[in-house]
Amino acid sequence: MNESLNFIEQIIEEDIASGKHNGEVHTRFPPEPNGFLHIGHTKAICINFETAAKYGGITNLRFDDTNPTTEDTSFVEAIQRDIKWLGFDWEDRLYFASDYFGQLYEFAEKLIENGLAYVDDSTSDEIAEMKGTPNQPGKNSPFRDRSVEENLQLFRAMKNGDFPDGAKVLRAKVDMESPNMLLRDPLIYRIKHAHHHRTGDDWCIYPMYDFAHGQSDSIENITHSLCSLEFIHHRPLYNWFIEKLGIYPSRQIEFARMNVEYMITSKRKLLKLVEKGLVSGWDDARMPTIAGMRRKGYPAAALRTFCDKAGVAKRENLIEIELLESCVRDELNKISDRVHVVIDPLKVIITNYPEGKVEMIEAINNPEDEGSETRMIPFSREIWIEREDFREAPNKKYYRMGPGRNVRLKNGYILHCEDYKKNEETGEIEEIYCTYYENSKSGEDVSGVKAKGTLHFVSAEQAVKCELRLLDYLFTDPTPDGHDDKDFLDFYNEDSIKVVDAYMEPALAKAKEGQYFQFIRNAYFTLDPDSTEDKKIFNRTVALKSSWKK
RNA sequence: UGACCCAUGGUGUAAUGGUAACACUACGGUUUUUGGUACCGUCAUUCAAGGUUCGAGUCCUUGUGGGUCAACCA
C-alpha cells in the first residue's frame, strides 16, 4: 500500500518514530449525552476509531457528562447503540467523565494549594465584564488574591452545598491579559444543585469542560486527543492544566469538522426541529442523525466509506451530498435485493394469456451477488406497470411501451402492445391491451423478438398494497444555517416527505427491518419500523441514477 | 482594533523542495433482460506580489480572502 497520510497520521507516525508514548496510540470518542449523534459525530467516530486501529491502538468511549441539567441516560443508550451500529467497538472501555469527579476535585484542590486557582464571588455579569473582549485585555477580579487557606475553605464550602447556584465559582489563575480569551482566568467549577444522571445528588459543584476533558484524557492515558477545530483555542489551556498538575501528557490535535450539504449539525437546531414537530423525532428518517440515516436506509459501511473519502484536513469544507449518495448507492448496489414495486399503476391486460392462470417465475434476488438466492414472482393475465412507462405517441428516445411496440418485462415475457383504452374526457389512459410471446420467458427466450425497453411489473391479483415514504432533503438550501439574514427553518423543505401507496410483489410481505431493497428501475428502499404485519412501510433511501433525459 | 487557524479543478482530498494526481460531480460513448451496475473518454486546479533555491503548490515576507475566540455549554 502506497497510501498517503493525513496530517494526524503524520503526527502519529512521527511520535511512533520518536518513541513517544512507547509508540502506543490510544484515542477516545467523547460525546456529551445531551442529544443524538449526527453526521458530524460520525466523522469524529471514524477518525478516532480508525486512526487508532490503523496503528494497532485502541479507542475509549467516554461520555463527557459534566453538565447534569442537559444530560440524560436515554442519550447514553442511544449513543452507544449508534456507535455499535456504525461498526465500532470500545470493548470494556466505557467511561464517564463523572467517574472522575472525585479525582477532578482533588486536582482542583491541588491547583488551589499551588496558588493557581481561586474562588470568585463575582456575578456572571461581572465576570463577563472583567473578561474584556478579544480586542481589550481583561481586568483582575477583586477576589483574585485570596489566600490559599481562604480559597480552600470556600471551595470546600461550595462542595458542601453552603452556597446557592451561581453564588461562587472556582477559577484558574492564568492571565487576564492574554490575547486568548480562554486563558483569562477560566471558570473551572460552578455550583449546580442538580441531579446527575449517574452520580445522583453526590455533588452540587461540577467541573467545566476545560477542567474535565483534558484531565479525563490524561487519566485514561489518551495519547492523541482528536477533536474539531473549534477547540484549537482551548489547547493552551489543555496543556496548562496538564503541566501544572503534572499529569499524563495527552496531546490535543484539531481537525476541521465535516459539513455536508443539506444537513445541519447544531444540536440546538436539531432539537428545535424535534420540539417543533417538524420531524417525528431524533430518529426521523430525514434527520442527519445516525439513527435517522439508519432509518432512511444508509448502510453503516456506506457512512464509513463516505467519511474516509471525505478525508481529513484543517480547512473549512462543505462536502457535496452527491459524494454521500454515491457511497450509499455503491454499497446498496452490492447488497440489496432487486424487487418489483409499482408506484403509479397502469393496468395491462395480456389478451392471449389464459384467464385464471397464475405462473410463478423464478427471479434472482441480486445479480451483483454471486451467491444470491432466488424467489418466485407471480405472472398472470392482468398486471400493473408504471403509468410513466406507457406513451400514446412515444418519440425515438423513449423506448418503453407504446402502441405497436415490443417491451421486455423484467423477469417475465416480451409484450406486444396492441391497443389501449383512453378516457376521452379526462385524457387518462385506463387500460393497455397486449399480447405476449409465449417463448420469450426470461432466461429461456427463444422467440428471437427484440425489445429495447425493459419494464418492471407486478401481477394485479397477487400484488400487495404497501406504503412508501418518499424522502427528500430536509432543507431546500445546501447550507440552511449559513445565512446571516435568514433562519435555517426558512429553508425547511415542505416536500421532504411524501407518502404514497404502491403495489409490491408478494415476496416483500416477508421484508424485515434492516434489509435493503432496490425497487427495480426506481430507487433503494428499506423497511420502516412503523410497519405492521398487515401494512409494510418503506423509506426511500436514494433514487437510482438516471441518464434518461425526458 | 488583538490572537489563533486556513487557502490546490465545481466539491473534497493528495503530491512531505524535483512531471500537480485521485475520488465525486458534469458531459459524451460502449455494454446491458434495471435509462441501474460495469467499462472507456472529455472538461477543469496551486489566492496575489515579492524573496530563498539549479528547481517552490510546498520554505520565508507582505498582502488579500475565509474561519474561530468574549456560555456558571461541550
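A note on names: the letters A, B, ... follow the listed sequences, proteins ahead of strands, and every chain is numbered from 1.
- Contact annotation: A:T66 side-chain N/O to B:A74 OP1/OP2 distance is under 4.0 Å.
- B:A3: Watson-Crick or G-U partner is B:U68, with both key distances under 3.5 Å.
- Atom CD1 of A:I47 and atom P of B:U13 are 11 Å apart (whole Å).
- Listed pair A:R400 / B:G35 fails the phosphate criterion, with no side-chain N or O lying under 4.0 Å from OP1 or OP2.
- For the pair A:E14 CD and B:U16 P, the computed distance is 14 Å after rounding to whole Å.
- Between the CG atom of A:N239 and the P atom of B:C4 there is a distance of 16 Å, given to the nearest Å.
- Base pairing of B:C24 is made with B:G10, judged by Watson-Crick or G-U wobble geometry with both donor-acceptor distances under 3.5 Å.
- In this structure, A:H234 places its NE2 atom 14 Å from C1' of B:C5, rounding to the nearest Å.
- Not a single donor-acceptor pair, N or O on each side, falls under 3.5 Å between the base of B:G36 and the side chain of A:Q518.
- The one candidate from A:R375, A:H340, A:H456 that meets the side chain to side chain donor-acceptor pair (under 3.5 Å) condition with A:E505 is A:R375.
- Between A:R171 and A:P186 the shortest side-chain heavy-atom distance does not fall below 4.5 Å.
- In this structure, A:E316 and A:A310 both approach RNA chain B, and ranking their closest nucleotides by distance from the 5' end singles out A:A310.
- Scanning atom types as modelled, one donor and one acceptor separated by under 3.5 angstrom connect the side chain of A:S442 and the base of B:U33.
- Base contact: A:G443 has a heavy atom under 4.0 Å from a base atom.
- Distance, A:I232 CD1 to B:C6 P: 7 Å, rounded to whole Å.
- Under the 6.0 Å distance and 45° angle rule, A:R400 counts as a cation-pi partner of A:W548.
- Contact annotation: side chain of A:H456 to base of B:U34, donor-acceptor pair absent below 3.5 Å.
- Using atom P as the reference point in both B:A48 and B:C54, the two lie 24 Å apart (nearest Å).
- The separation between A:I377 atom CD1 and B:U33 atom P is 17 Å, rounded to whole Å.
- At a cut-off of 3.5 angstrom, counting only N and O atoms as typed in the model, there is no donor on one side facing an acceptor on the other between the side-chain of A:R521 and the base of B:U34.
- At the phosphate of B:C73, OP1 or OP2 sits under 4.0 Å from a side-chain N or O atom of A:R190.
- Annotation: cation-pi pair A:K314/A:F255 absent, no NZ/CZ under 6.0 Å from the ring centroid and within 45° of its normal.
- The side chain of A:K545 places no N or O atom within less than 4.0 Å of a non-bridging phosphate oxygen (OP1 or OP2) of B:U34.
- Each of A:Y503, A:Y524, A:F538 was scored for a ring pair (Phe, Tyr, Trp, His ring centres under 6.0 Å) with A:F519, with one residue passing: A:F538.
- Among all heavy-atom pairs drawn from A:H196 and A:E71, the shortest one is NE2-OE1, 4.4 Å.
- For B:C73, the OP1/OP2 oxygens have no side-chain nitrogen or oxygen of A:T70 closer than 4.0 Å.
- Remark on RNA chain B: of its neighbouring residues A:Q10 and A:N522, the 5'-side contact belongs to A:Q10, judged by nearest-heavy-atom nucleotide.
- Of the side-chain N and O atoms in A:K549, one or more sit less than 4.0 angstrom from OP1 or OP2 of B:G28.
- Applying the 4.0 Å criterion to OP1 and OP2 of B:G36, one finds that A:S546 has every side-chain N and O outside that range.
- As the counterpart of B:U45, no nucleotide is assigned, since no Watson-Crick or G-U wobble pattern has both distances under 3.5 Å.
- The base of B:G2 lies outside donor-acceptor range of the side chain of A:E177, with no N or O pair under 3.5 Å.
- B:U11 atom P lies 17 Å from atom CD1 of A:I321, rounded to whole Å.
- Between the NE2 atom of A:H193 and the P atom of B:C72 there is a distance of 17 Å, given to the nearest Å.
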